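Notes to accompany the following structure.
Residue numbers start from 1 in every chain, and the chains themselves are labelled A, B, ... in the order their sequence lines are given, proteins ahead of strands. Note that this is a predicted model, so its numbers are computed, not measured.
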2 protein chains.
Amino acid sequence: MELDERKIKILDTIIRTYLETGEPVGSRTISKYTDLNLSSATIRNEMSDLEDLGYIIQPHASAGRIPSDKGYRFYVDHLMTEKDKEISDMKDFVIEHTERMESVLKQVAQMLAQTTNYATMITSPVKKNNAIKFVQISKLDEEQLLAVVVLGGNVVKNKVINLTEPMDNETLMKLNFLLNNSLNGKAPMDISLGIISGLKEQAGEHVDIVSVVLDAIAETITQEDLEVYTSGATNIFKYPELSSSENVSNLIYALEEKKELAEFVSENADSDEEIKVYIGDESDIKTMKDCSVVTATYDLGEGMKGTVGIIGPKRMDYEKVLTNLKEIKKQMNGLFNNTKTKGIEVKSDGE
Amino acid sequence: MELDERKIKILDTIIRTYLETGEPVGSRTISKYTDLNLSSATIRNEMSDLEDLGYIIQPHASAGRIPSDKGYRFYVDHLMTEKDKEISDMKDFVIEHTERMESVLKQVAQMLAQTTNYATMITSPVKKNNAIKFVQISKLDEEQLLAVVVLGGNVVKNKVINLTEPMDNETLMKLNFLLNNSLNGKAPMDISLGIISGLKEQAGEHVDIVSVVLDAIAETITQEDLEVYTSGATNIFKYPELSSSENVSNLIYALEEKKELAEFVSENADSDEEIKVYIGDESDIKTMKDCSVVTATYDLGEGMKGTVGIIGPKRMDYEKVLTNLKEIKKQMNGLFNNTKTKGIEVKSDGE
DNA sequence: TGTTAGCACTCGATAATGTAGAGTGCTAAC
DNA sequence: GTTAGCACTCTACATTATCGAGTGCTAACA
């Protein structure tokens, strides 16, 4: 038995109706709301076939049918048409690119959560093997130095170094020259033991300072930089199929904890261009087996890439979600490239 | 009618029992589990009095009694004894003070949420009217400058400035001298229009650069710096009285959104030393009218103060919570003061 | 005057029962 | 191949009954 024209049309109607209403779809509904002019009995036969083929499921004996994961997958791959017209809800939103990156990301997540009514996440942009652009040590006061390291894409790292004894200006300049000379243009991954020991040798009595700077640089390559921002976790409560049982607790925990999300993102960040849809088990996050996850990669330019995603019920409005994510992608891509004239980035650290 | 010895003892027992079980306490229970040797009938009379006095409430006609807000308040103020012995669960936790501040705060919030089983929050340490310690502009490349501003407590801010035309080293030095001269030692609030215009005048053709730096400094005084970290939001699900109805959604939203929390903290940050308990409506957060909020102020030294707090059901284990918060306070206070030898703080920004 | 036993009463929680409606599968007829 | 008709299933919802915990009140007691 194969999927013929008619079966597809019926499947399409079932899914679309279910996406709207969230309730099992019966044969009579289909019979009425399609132009097939078939009686409910005929539809019933077809639906029985569709169930055998695995595209739809009957929650219980006397209920209508709902799409299975396979059904959703078919819908996303073949039936869905993206409604490029209706992006009006997103057009209003223009990213304020004068803001700090962190606040931009939070904004995007919030806005997306608001317009879609799903939970959202967005990761900070990262660049693999980001080269060091600039290293500088300055004297804060007699007891403290400030080390500043700038990587490609203007990722700035600071570290305050406490001195045990004062340092004169000449030494400071020497150290700065030394550090820049050995480290500039190098990616943290490429800093070999050879470079390090050479550097330390030349530093003489100030080895410890060099060590601290190197430590700071080392931290930049640790994955912990993949910050994940989430928003709209409470949207989950809008979907009974997600908010019943202890499902909610686990889901919200995952959104709060973010660790699993970060892992998921880093595992799936390989193929860029595409927007990806994970239905149910397709994402490897156990707590999200009843959800669909849709992710998109954005590219700020200079190799800075991040992921933005939506977490919602399987019966999410895929068309709207894809359209919105595309719009976000576009806006984010433009964000950095077209605004060379503006300074970005201010960030605070308490000690 | 007044609270005599016996009424207090009964009230104490009611509250303690309710804290444990979470269920309305009946007269018979009290009669059995106190050494008063009174029949349930007598207890009933006393409980009726206690209800008239407003210390306990009857959820419905044929149920036992539960403490009212006034009852909890009395308990916290007069009955509770902090169990200083049982801090074993916290003793294990030692803050890793080599970490970045942000991660320390997240750790503390998480740990506290885990040991208490309530939701927790912690704010980044801030210093009122923090004086500028150090200003520096460096050349990243031909097109970009990096502005670094360090405030007291080693709060570091960075801003990348895009140049329209190259800048020679001499001008850079001049600007640096100028900026440090006019701004060093000044709190952002104290930078008068006079200083600004004087600065801009001296800057000559590089007014725009000075403006950017001033903007960066201006941002430091905006309240947005009060970062709030939360953890354990899903602990709410452990308490039926909080997790029923749409209560949960609002509560979790408040914990996710954090804005209300930030406002609450800044409004109540005045009197330091104390640990404060807000029962029900006593905190002005509407969504938390069914919760108790306990906050403590920690002091990292150099005037850097923050707030750590716990949000739980009214029937929270106040004794344990207070003890834990005191321990956190102690550890946080020691964190910065005793570790002058260690450098802290590395922080990244993508542009 | 304070304490107690006894009893009727209230109310929530739970289970049992009944009913209505939606939807199916099957069969026989078109 | 399509359809009408019918018996059947199952959920959702409302109704009712039952149980137990707990109270308030009264009358008796020390």
Side-chain angles (χ1 to χ4, degrees), chain A residues 1-11 13-15 17-18 20-68 240-241 244-245, chain B residues 1-11 13-15 17-18 20-68 71 240-241 243-245:
Chain A
M1 186 168 40
E2 273 301 299
L3 271 187
D4 57 21
E5 244 348 271
R6 197 169 75 176
K7 283 195 174 55
I8 290 179
K9 181 142 193 178
I10 291 173
L11 179 58
T13 313
I14 292 176
I15 297 182
T17 312
Y18 184 69
E20 263 184 48
T21 65
E23 296 195 341
V25 185
S27 54
R28 225 170 136 254
T29 314
I30 305 290
S31 161
K32 270 194 291 189
Y33 296 112
T34 49
D35 48 3
L36 289 170
N37 282 323
L38 291 174
S39 81
S40 61
T42 311
I43 304 287
R44 275 203 287 286
N45 290 331
E46 294 287 52
M47 282 168 87
S48 181
D49 289 353
L50 282 170
E51 183 161 16
D52 289 344
L53 288 167
Y55 290 101
I56 52 178
I57 289 173
Q58 207 172 8
H60 58 262
S62 73
R65 307 298 213 291
I66 63 175
S68 67
E241 68 264 47
S244 62
S245 76
Chain B
M1 185 167 40
E2 273 302 297
L3 271 187
D4 56 22
E5 238 357 85
R6 198 170 73 178
K7 283 195 174 55
I8 290 179
K9 182 143 193 178
I10 291 173
L11 179 58
T13 312
I14 291 175
I15 297 182
T17 312
Y18 184 69
E20 263 183 47
T21 64
E23 296 194 342
V25 185
S27 54
R28 220 164 142 257
T29 315
I30 305 290
S31 161
K32 270 194 290 188
Y33 295 111
T34 48
D35 49 4
L36 288 171
N37 282 323
L38 293 173
S39 80
S40 61
T42 312
I43 303 285
R44 275 203 287 285
N45 290 330
E46 294 287 53
M47 281 168 87
S48 180
D49 290 351
L50 281 171
E51 184 162 15
D52 290 342
L53 289 167
Y55 291 101
I56 53 179
I57 289 173
Q58 207 171 8
H60 58 261
S62 74
R65 306 301 213 292
I66 63 174
S68 68
E241 68 265 46
S243 62
S244 61
S245 75

Taken to the nearest whole Å, CD1/B/Ile66 to C1'/C/dG12 is 14 Å
Note, DNA chain C 5' to 3' with Watson-Crick or G-U pairs under 3.5 Å encoded as ( ), [ ], | and . gives ||||||||||||||||||||||||||||||
Atom CZ of A/Arg28 and atom P of C/dT24 are separated, to the nearest Å, by 11 Å
From CD1 of B/Ile14 across to C1' of D/dG22 the rounded distance in Å is 13 Å
Under 4.0 angstrom between B/Ser48 side-chain N/O and D/dT23 OP1 or OP2:
no
Rounded to whole Å, the CD-P distance (A/Glu51 to C/dT24) equals 10 Å
Separation of D/dG22 atom P from B/His60 atom NE2, nearest Å, is 9 Å
- Query: So do B/Ile10 and B/Leu36 actually touch side chain to side chain, heavy atoms under 4.5 Å?
  - Reply: yes
Does A/Arg65 make a side-chain N or O approach to OP1 or OP2 of C/dG25 shorter than 4.0 Å?
yes
From CD1 of B/Ile30 across to C1' of C/dT3 the rounded distance in Å is 18 Å
Walking DNA chain C from its 5' end, the first of A/Ser27 and B/Leu38 to be reached, judged by nearest nucleotide, is B/Leu38
Taken to the nearest whole Å, CD1/B/Ile57 to C1'/D/dG22 is 17 Å
Per atom distances to the A/Ala61 side chain, the nearest of C/dA5, C/dT24, D/dT9 is D/dT9
Do B/Arg6 and B/Thr42 have side chains that approach each other closer than 4.5 Å (heavy atoms only, starting at C-beta)? yes
Check your understanding: Would a 4.5 Å heavy-atom cut-off, applied to side chains only, mark B/Tyr55 and B/Ile14 as touching?
Key -> no
A/Ile10 CD1 to C/dT24 P, in whole Å, measures 12 Å
For a 4.5 angstrom cut-off between non-hydrogen side-chain atoms, does A/Arg65 reach A/Val25?
no
Closest of C/dA5, D/dC10, D/dG24 to the A/Ser62 side chain is D/dC10
Within residues 40-47 of chain A, the residues having a heavy atom closer than 4.0 Å to DNA chain C are A/Arg44, A/Met47
Could you check whether any side-chain heavy atom of B/Leu38 comes within less than 4.5 Å of a side-chain heavy atom of B/Glu46, counting everything from C-beta outward?
no
When rounded to the nearest 0.5 Å, the distance separating CD1 of A/Ile8 from CG of A/Leu50 is 9.5 Å
**Prompt:** Is the backbone N or O of B/Lys9 less than 3.5 Å from a side-chain atom of B/Thr13, with the two atoms forming a donor-acceptor pair by type?
**Reply:** yes
Can you check whether A/Ser27's main-chain N or O pairs, donor with acceptor, with A/Ser31's side chain at less than 3.5 Å? no
CZ of A/Arg28 to OG of A/Ser39, rounded to nearest 0.5 Å, is 11.0 Å
